[in-house]
Asks: 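Before I ask anything, here is the structure I am working with.
Predicted model only: the values in this text are computed from it and were never measured.
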Amino acid sequence: MEKRREFNMFNYKLFGTAALLVACADLQAVECTTTAINMSSGTCNASGNWYNEIHVDGTGTVVEATSNDVTVDYSYASNSLIAVDNNAELKFDGNLTVDAGGPRHAIALNYISYGALTKMTVSGNLTTTADGANVRGIYMNTGSTMEIGGDLIANRPGYSSPYGRGGSSVQVETGATLIVNGKTFMTSNYASGLRSGGNSLFKDNVDINTKNYTAGLHNWGNVIFQKNLTINTENAYGIMTTNGSIEVDGVTEITTLGSGYNGIYATGDNVLVALGDSSTVSPGTKVLLKNTTVTTMGLNGYGLFVNASLNANDKKSIISVDGSSSIVSNATAIYVTGDTSTIINSGNILSSLGNGIDVSNIVSGSIITNNGNITALTPNLNAILGSPSQDTITNTSGTIKGQIDAGLGDDNFIWTGGLIDSFIGNDGSDTAEITSVNYDGTQLLDGGDDVSTSDGYLDTITFSNYNNVTTSSTKLINWEKIVLNSTKMSLLDNALITGMDVNQGLFLTNGSTLDGNNSLLLNGNLDIDSTSIFDATGGGSGLYNISGYLNNAGILTTQDSFVGDIINVAGDYIGISGSLFSIDTYLGDDTSLTDKLVITGNTS
């Protein structure tokens, strides 16, 4: 085949078959075949410091640029400015700057040789710029490897026109490997920052700034940040990841601005998001970030959105936020979908205009445990919004500021420590266990539907180990069954509504006392075990009305040295062997004053 040479001030070109472009000696650019180089060692040393294109292609081909500073700069390249393909290797002994104009990548590895073991190394710093449509500063296809000894600066300016949108600062495809030993700075406009489907390792701090496109970090592979990660976006997600792994060993700061853009968006099946130390592993999507701050400042932008419902396999998620981490959002701070979810919070979760934690689209229930702070600042919104299935919500310490709405389903609420504002069970057979020393009777505890089992729901609340707690009928509502366990309780408004069906009502157990004050209107049943007391000592003028039945195996007392207290039982009275009714009476004639137990129903 006829070969011809073409000369100009930029290029020295040799046209022919099996051509490849390498940079050798002091020539600006040379295109030739491997045999035309006549390298017995299969290598070529290039000592120039400026080129407009470098293309290396072919197994055994190794090109090494020996200058301390090399620049590759061409505005009208027909291909990527640097292209390495088909198992070739390209080395730069110093710093490298690549500035690509037009619709071409700055650097492309294996662009035309998917799966080849192609390699590129830069001993010093690497700076790339690419501003055409759908281009990348660095593009790495499957099988390729790149290692940067110094810092990486990857710029993807972009603009709103279709000719300037798309792409990313850096893209690492599945099966490719990127290693950066120095610091990393990525900026992109109308393009993503880092897109990684392969293996990416950053050994020093990483700073990503992205505007007007998908995400600062878009991951479907494995990314490790050994030091700090900072992501700032405008009209873009902070992190978007699907069935991949992200690990940060240092401090993580994610800030987003723009309506509808989430701080972290994690999708896939079996999703793990751990903001803090975690040894938990997950075969699906995994995000492990330490000392994390996520801030979303735009409307409708969730701090963390976990979608574990994309695939048909394991649609569950695990989310943990440790004490060093926080999520602060204008919208809902944590929003989760899927079959099941486990959320453990020891950090700070705050929403200005949404819910703190929202699992209302979880299908098969959730487990939420709080040891930190969860806050919803907007009235009538929820610190926690539960699912339509069975949820278990536990507050062991910390503060839940705002309403806990367990949603539909048979939910469990456990309050062992810390502070809450209110709990609402909604429809379903809910249970609540209250043992926190911070319960003082002022918190709203609402079973959620009514006090009748005609709807098929039985709500039960248990108070344990309170020496003397006072609440009211407006703070303790919609429970078919209320159990006092080793607890003394009184009612500020002298009233309480509970269940009237069999095995419902107010139960005094394990040494409990119900203090009836001067009067009590109990709309429901009362059950007193053999260790417990109903104290109806009203100073001679007490009136205590029970609309249901009274089952007494313990002590019913009106004895306070003043006669005239009256207990009215509209239902049946059942006195168990060994029970007592202690009264005050004046021993005179039949008209003498005495305390009374008046029973409308049957007695036994």
Asks: For the backbone of N602 and the side chain of D572, can you confirm whether one donor and one acceptor N or O come within less than 3.5 Å of each other?
Replies: yes
Asks: For the residue pair I414 and T392, establish whether any side-chain heavy-atom pair is separated by less than 4.5 Å.
Replies: yes
Asks: Tell me whether N468 at atom CG has more than 12 heavy atoms from other residues, nucleotides or ligands lying less than 6.0 Å away.
Replies: yes
Asks: Is a donor on one side and an acceptor on the other found under 3.5 Å between the side chain of D493 and the backbone of S472?
Replies: no
Asks: Can a donor-acceptor pair be found, under 3.5 Å and without considering hydrogens, that links the side chain of S512 to the backbone of L484?
Replies: yes
Asks: Side chain to side chain donor-acceptor pair (under 3.5 Å) with Y335: which of N361, D358, N307, N262?
Replies: N361
Asks: Who pairs with T292 by side chain to side chain donor-acceptor pair (under 3.5 Å), at least two apart in sequence or on another chain?
Replies: none
Asks: Carefully, step by step, assess N348 and S326 under the rule side chain to side chain donor-acceptor pair (under 3.5 Å).
Replies: CA-CA 4 Å; N348 181 47; S326 66; 5.0 Å; no
Asks: For G542, does its backbone N or O pair with a side-chain atom of D565 as donor and acceptor, under 3.5 Å?
Replies: yes
Asks: Distance from I343 atom CD1 to I349 atom CD1, nearest 0.5 Å?
Replies: 7.5 Å
Asks: I need the L408 CG to Y457 OH distance, nearest 0.5 Å.
Replies: 7.0 Å
Asks: Within a radius of less than 6.0 Å around CD1 of I497, do more than 12 heavy atoms belonging to other residues, nucleotides or ligands occur?
Replies: no
Asks: Do T242 and T267 have side-chain N/O donor and acceptor atoms under 3.5 Å apart?
Replies: yes
Asks: Taking side chain to side chain donor-acceptor pair (under 3.5 Å) as the definition, give me every residue that meets it alongside D207, ordered by chain and number, with sequence neighbours left out.
Replies: N209
Asks: Locate the shortest heavy-atom distance separating I362 from D339; write the atom from each residue and the value.
Replies: CG2-O, 3.1 Å
Asks: By the salt bridge (Lys or Arg N to Asp or Glu O under 4.0 Å) test, which pairs, at least two apart or in different chains, include something from residues 540-553?
Replies: none
Asks: Using every non-hydrogen atom in the two residues, find where I583 and T558 come nearest and quote the distance to one decimal.
Replies: CA-OG1, 3.5 Å
Asks: If we only count heavy atoms from C-beta on, is the I400 to F423 side-chain gap below 4.5 Å?
Replies: no
Asks: Would you name the heavy atoms of L514 and F534 that are closest together and state the gap between them?
Replies: O-CD1, 3.5 Å
Asks: Which atoms form the tightest heavy-atom contact between D449 and E480, and what is the distance?
Replies: OD1-OE2, 3.5 Å
Asks: Can you spot which of T342, L288, V287 makes a side-chain contact (heavy atoms from CB on, under 4.5 Å) with L272?
Replies: L288
Asks: Show, in sequence, the C-alpha distance, side-chain angles and deciding distance for I224 and Q226, and conclude whether the side chain to side chain contact (heavy atoms under 4.5 Å, CB included) test is met.
Replies: CA-CA 6 Å; I224 297 175; Q226 292 186 340; 4.1 Å; yes
Asks: Kindly indicate whether the side chain of T296, heavy atoms from C-beta on, has any atom under 4.5 Å from the side chain of Y302.
Replies: no
Asks: If only atom types and distance count, is the side chain of D595 paired as donor or acceptor with the main-chain N or O of I566 below 3.5 Å?
Replies: no
Asks: If you measure only the distance, is there a donor-acceptor pair under 3.5 Å linking the side chains of T531 and D529?
Replies: yes
Asks: Between F305 and Y237, does a ring pair (Phe, Tyr, Trp, His ring centres under 6.0 Å) hold up when you go through it step by step?
Replies: CA-CA 11 Å; F305 185 168; Y237 292 161; 8.4 Å; no
Asks: Output all residues satisfying salt bridge (Lys or Arg N to Asp or Glu O under 4.0 Å) with D421, sequence neighbours left out; order by chain, then residue number.
Replies: K401
Asks: Less than 4.5 Å apart, side chain to side chain, heavy atoms only: is that true for L289 and I246?
Replies: yes
Asks: Please report the interatomic distance OG1(T487) to CZ(F463), rounded to the nearest 0.5 Å.
Replies: 8.5 Å
Asks: Checking side chain to side chain contact (heavy atoms under 4.5 Å, CB included) for the pair K481/V483: CA distance, chi angles, key distance, verdict?
Replies: CA-CA 7 Å; K481 187 173 184 178; V483 179; 4.0 Å; yes
Asks: Is a side-chain donor-acceptor pair under 3.5 Å present for S387 with S389?
Replies: no
Asks: Side chains of N517 and S490: do they bring a donor and an acceptor to under 3.5 Å?
Replies: no
Asks: Below 30° counts as parallel, above 60° as perpendicular, anything between as tilted: where do the rings of W415 and F413 land?
Replies: tilted
Asks: Roughly how far, to the nearest 0.5 Å, is the CD1 atom of I264 from the CG atom of L304?
Replies: 5.5 Å
Asks: Side chain of D410, backbone of S429: donor and acceptor closer than 3.5 Å?
Replies: yes
Asks: Is there a donor-acceptor contact under 3.5 Å from the side chain of N426 to the main chain of A406?
Replies: no
Asks: Verify the neighbour count for atom CG of D440: are there more than 12 heavy atoms of other residues, nucleotides or ligands below 6.0 Å?
Replies: yes
Asks: Can you sort out the partners of T431 under side chain to side chain donor-acceptor pair (under 3.5 Å), two or more places apart, ordered by chain and number?
Replies: N412
Asks: Determine whether the side chains of Y261 and N235 contain a donor N or O and an acceptor N or O closer than 3.5 Å.
Replies: no
Asks: Can you list, pair by pair, the side-chain donor-acceptor contacts under 3.5 Å of residues 519-528, counting residues two or more places apart and other chains?
Replies:
unit_1, atom_1, unit_2, atom_2, d
N523, OD1, S547, OG, 3.0
N525, OD1, Y549, N, 2.8
N525, ND2, M500, O, 3.1
N525, ND2, D501, O, 3.0
N525, ND2, Q504, O, 3.2
D527, OD2, N551, ND2, 3.0

Asks: To the nearest 0.5 Å, what is the distance between CG (D322) and OG (S346)?
Replies: 7.0 Å
Asks: Report the C-alpha separation of F202 and L229 in whole Å, then their side-chain angles, then the decisive distance to 0.1 Å, and conclude whether the side chain to side chain contact (heavy atoms under 4.5 Å, CB included) test is met.
Replies: CA-CA 10 Å; F202 298 89; L229 170 64; over 6 Å; no
Asks: Looking just at side-chain N and O atoms, do S464 and N485 make a donor-acceptor pair shorter than 3.5 Å?
Replies: yes
Asks: Which heavy atom of D515 sits nearest to which heavy atom of K488, and what is that distance?
Replies: OD2-CE, 4.1 Å
Asks: Could you give the distance from OG1 (T340) to CD1 (I367), rounded to the nearest 0.5 Å?
Replies: 8.0 Å
Asks: Which is it for F225 and L217 under the side chain to side chain contact (heavy atoms under 4.5 Å, CB included) test, yes or no, and what are the steps along the way?
Replies: CA-CA 12 Å; F225 302 90; L217 169 57; 4.0 Å; yes
Asks: Are the side chain of D430 and the backbone of D411 linked by a donor-acceptor contact shorter than 3.5 Å?
Replies: yes
Asks: Counting distance only, does the side-chain N/O of S579 pair as donor-acceptor with the main-chain N or O of A553 below 3.5 Å?
Replies: no
Asks: Between S341 and S366, is any side-chain donor less than 3.5 angstrom from a side-chain acceptor?
Replies: no
Asks: Search all heavy atoms of L593 against all heavy atoms of V563 and return the closest pair with its distance.
Replies: CB-CG2, 3.6 Å
Asks: Using the side chain to side chain donor-acceptor pair (under 3.5 Å) rule, take D535 and T557 through it: C-alpha gap first, then chi angles, then the decisive distance, then the call.
Replies: CA-CA 5 Å; D535 184 348; T557 181; 5.7 Å; no
Asks: For the backbone of N382 and the side chain of N355, can you confirm whether one donor and one acceptor N or O come within less than 3.5 Å of each other?
Replies: yes
